[in-house]
Structures are given as C-alpha cells and as structure tokens.
Amino acid sequence: MAAKRVAILVDEMYQVLEVWYPYYRFIEAGLEVNLVAAEAKKQYHSKEGYPCVSGIAAGEANADDYNCMVVPGGFAPDFMRRDADVIKFANDMVNNL
C-alpha cells in the first residue's frame with residue numbers, strides 16, 4: 001500500500017464502524033493513523049455513545065503530511081462542516097491530489 005499516513009476525521013455522533021474498522025485495518029497494514037477533529041485531545045461520542053479522543057486539531061494538521069483521509073458518516077459530517085479549520089483541512093487534502 002502506497003499510503004503511509006491516514007487522517008480520520010471525527011466529531012460528535014460519528015458512525016462507529018466507519019471510524020474504528022478503518023482505523024484498525026490501517027494500523028494492521030502498518031500505516032500511521034491520526035484522529036483529526038476541530039479540537040485536539042477532546043472526547044467525541046458516536047451515535048451509540050462510544051468515545052473517541054482526537055489526536056490532533058484540524059487547524060494544526062498539515063494536509064501535506066497525509067496520504068489519505070477518511071470522513072465517516074453518521075451525523076459527524078454535519079458537525080464537521082461547521083468548523084472552518086476542518087473545512088480547510090479537508091479542502092487542502094482534496095486539492096493536494
């Protein structure tokens with residue numbers, strides 16, 4: 001697999017399987033995975049209440065450092081689109097293709 005670093009975006013009400021399944025599969029493949037959110041070191045909860053702690057804030061993340069981005073479903077994208085730093089990071093990832 002060519003990708004070496006993966007950003008998984010997280011926010012409140014994320015879809016559990018769309019965060020944790022890719023997270024562990026990427027790690028098993030030997031990739032570095034970061035949970036990126038509006039705020040670093042903050043706990044976000046899935047639709048079912050499962051916690052997830054972000055590792056880095058989108059405002060501090062550099063899109064050039066990542067080879068892949070995962071945007072999970074649930075209601076999380078609705079929360080993500082409200083944060084300018086998350087939007088900028090996502091746009092930077094897409095524009096770096």
Side-chain angles (χ1 to χ4, degrees):
M1 183 174 262
K4 302 220 187 283
R5 257 182 118 188
V6 177
I8 298 178
L9 300 183
V10 294
D11 211 315
E12 290 297 325
M13 304 287 286
Y14 67 87
Q15 176 61 41
V16 174
L17 292 177
E18 293 178 17
V19 169
W20 294 112
Y21 188 84
Y23 178 86
Y24 287 113
R25 299 300 78 84
F26 286 135
I27 288 176
E28 287 174 354
L31 305 177
E32 180 182 341
V33 181
N34 295 126
L35 299 172
V36 179
E39 295 180 46
K41 310 295 184 214
K42 180 180 174 185
Q43 190 173 84
Y44 294 90
H45 297 91
S46 72
K47 293 182 349 181
E48 297 80 16
Y50 295 107
C52 173
V53 177
S54 60
I56 186 168
E60 299 169 2
N62 183 352
D64 292 332
D65 295 338
Y66 295 93
N67 306 96
C68 177
M69 174 180 65
V70 175
V71 181
F75 294 106
D78 187 45
F79 290 100
M80 290 175 199
R81 71 179 178 84
R82 300 174 194 186
D83 187 89
D85 290 332
V86 173
I87 291 169
K88 182 182 181 324
F89 177 74
N91 283 333
D92 289 348
M93 285 291 300
V94 171
N95 291 329
N96 286 343
L97 292 176

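Start at 1 with the first residue, then count along the sequence. Atom set for the values below is all heavy atoms of this structure, side chains included, hydrogens, waters and symmetry mates excluded. All of these numbers come straight from a predicted model, not from anything done at the bench.
Taken together through direct or relayed side-chain contacts under 4.5 Å among Ile, Leu, Val, Met, Phe, Trp and Tyr, V19 and I27 form part of one hydrophobic cluster. No single ILVMFWY cluster, assembled from side-chain heavy atoms under 4.5 Å apart, contains both M93 and F79. The hydrophobic clustering, which links ILVMFWY residues whose side-chain heavy atoms are closer than 4.5 Å, places Y24 and V33 together. No continuous path of ILVMFWY side-chain contacts below 4.5 Å connects Y21 to V70, so the two sit in separate hydrophobic clusters. Hydrophobic clustering of Ile, Leu, Val, Met, Phe, Trp and Tyr side chains at less than 4.5 Å, counting indirect connections, keeps M13 apart from L17.
In terms of modelled atom types and a separation under 3.5 Å, the side chain of Q43 and the main chain of P51 share no donor-acceptor contact. N67 places a side-chain N or O within donor-acceptor distance of the main-chain N or O of K4, the cut-off being under 3.5 Å.
What you find for A58 and V36 is that their closest heavy atoms are CA-CG1, 3.7 Å. Pairing each heavy atom of P72 with each of Q15, the nearest pair is CB-O, 4.5 Å. Contact detail for G55 and A40: the closest heavy-atom pair is O-CB, 4.3 Å. Contact record, A37 with Y44: CB-CE1, 3.4 Å, taken as the closest heavy-atom pair.
The hydrophobic cluster around V53 extends to none of the other residues, as no ILVMFWY side-chain heavy atom falls under 4.5 Å of it.
Atoms SG and CG, from C52 and D11 in turn, are 10.0 Å apart once rounded to the nearest 0.5 Å. Taking NZ of K42 as the start and CG of L35 as the end, the distance is 14.5 Å to the nearest 0.5 Å. Note that CG of D85 is 5.0 Å distant from CG of D83, once rounded to the nearest 0.5 Å. Taking CG of D92 as the reference point, atom CG of D65 lies at 11.5 Å (rounded to 0.5 Å). Note that CD1 of I87 and CE of M80 are 11.5 Å apart. Values are rounded to the nearest 0.5 Å.
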Are N34 and R5 close enough, and set up right, to give a side-chain contact (heavy atoms from CB on, under 4.5 Å), and what steps lead you there? CA-CA 8 Å; N34 295 126; R5 257 182 118 188; 3.1 Å; yes
Verdict with reasoning, K47 to F75, per side-chain contact (heavy atoms from CB on, under 4.5 Å): CA-CA 8 Å; K47 293 182 349 181; F75 294 106; 4.1 Å; yes
Chi angles and distances behind the side-chain contact (heavy atoms from CB on, under 4.5 Å) call for F89, L9: CA-CA 10 Å; F89 177 74; L9 300 183; 3.9 Å; yes
Under the side chain to side chain donor-acceptor pair (under 3.5 Å) criterion, do N96 and Y66 qualify, and how do the steps go? CA-CA 10 Å; N96 286 343; Y66 295 93; over 6 Å; no
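Every residue two or more places apart in sequence or in another chain that forms a side-chain contact (heavy atoms from CB on, under 4.5 Å) with Y50 is listed here: Y14, V16, S46, E48.
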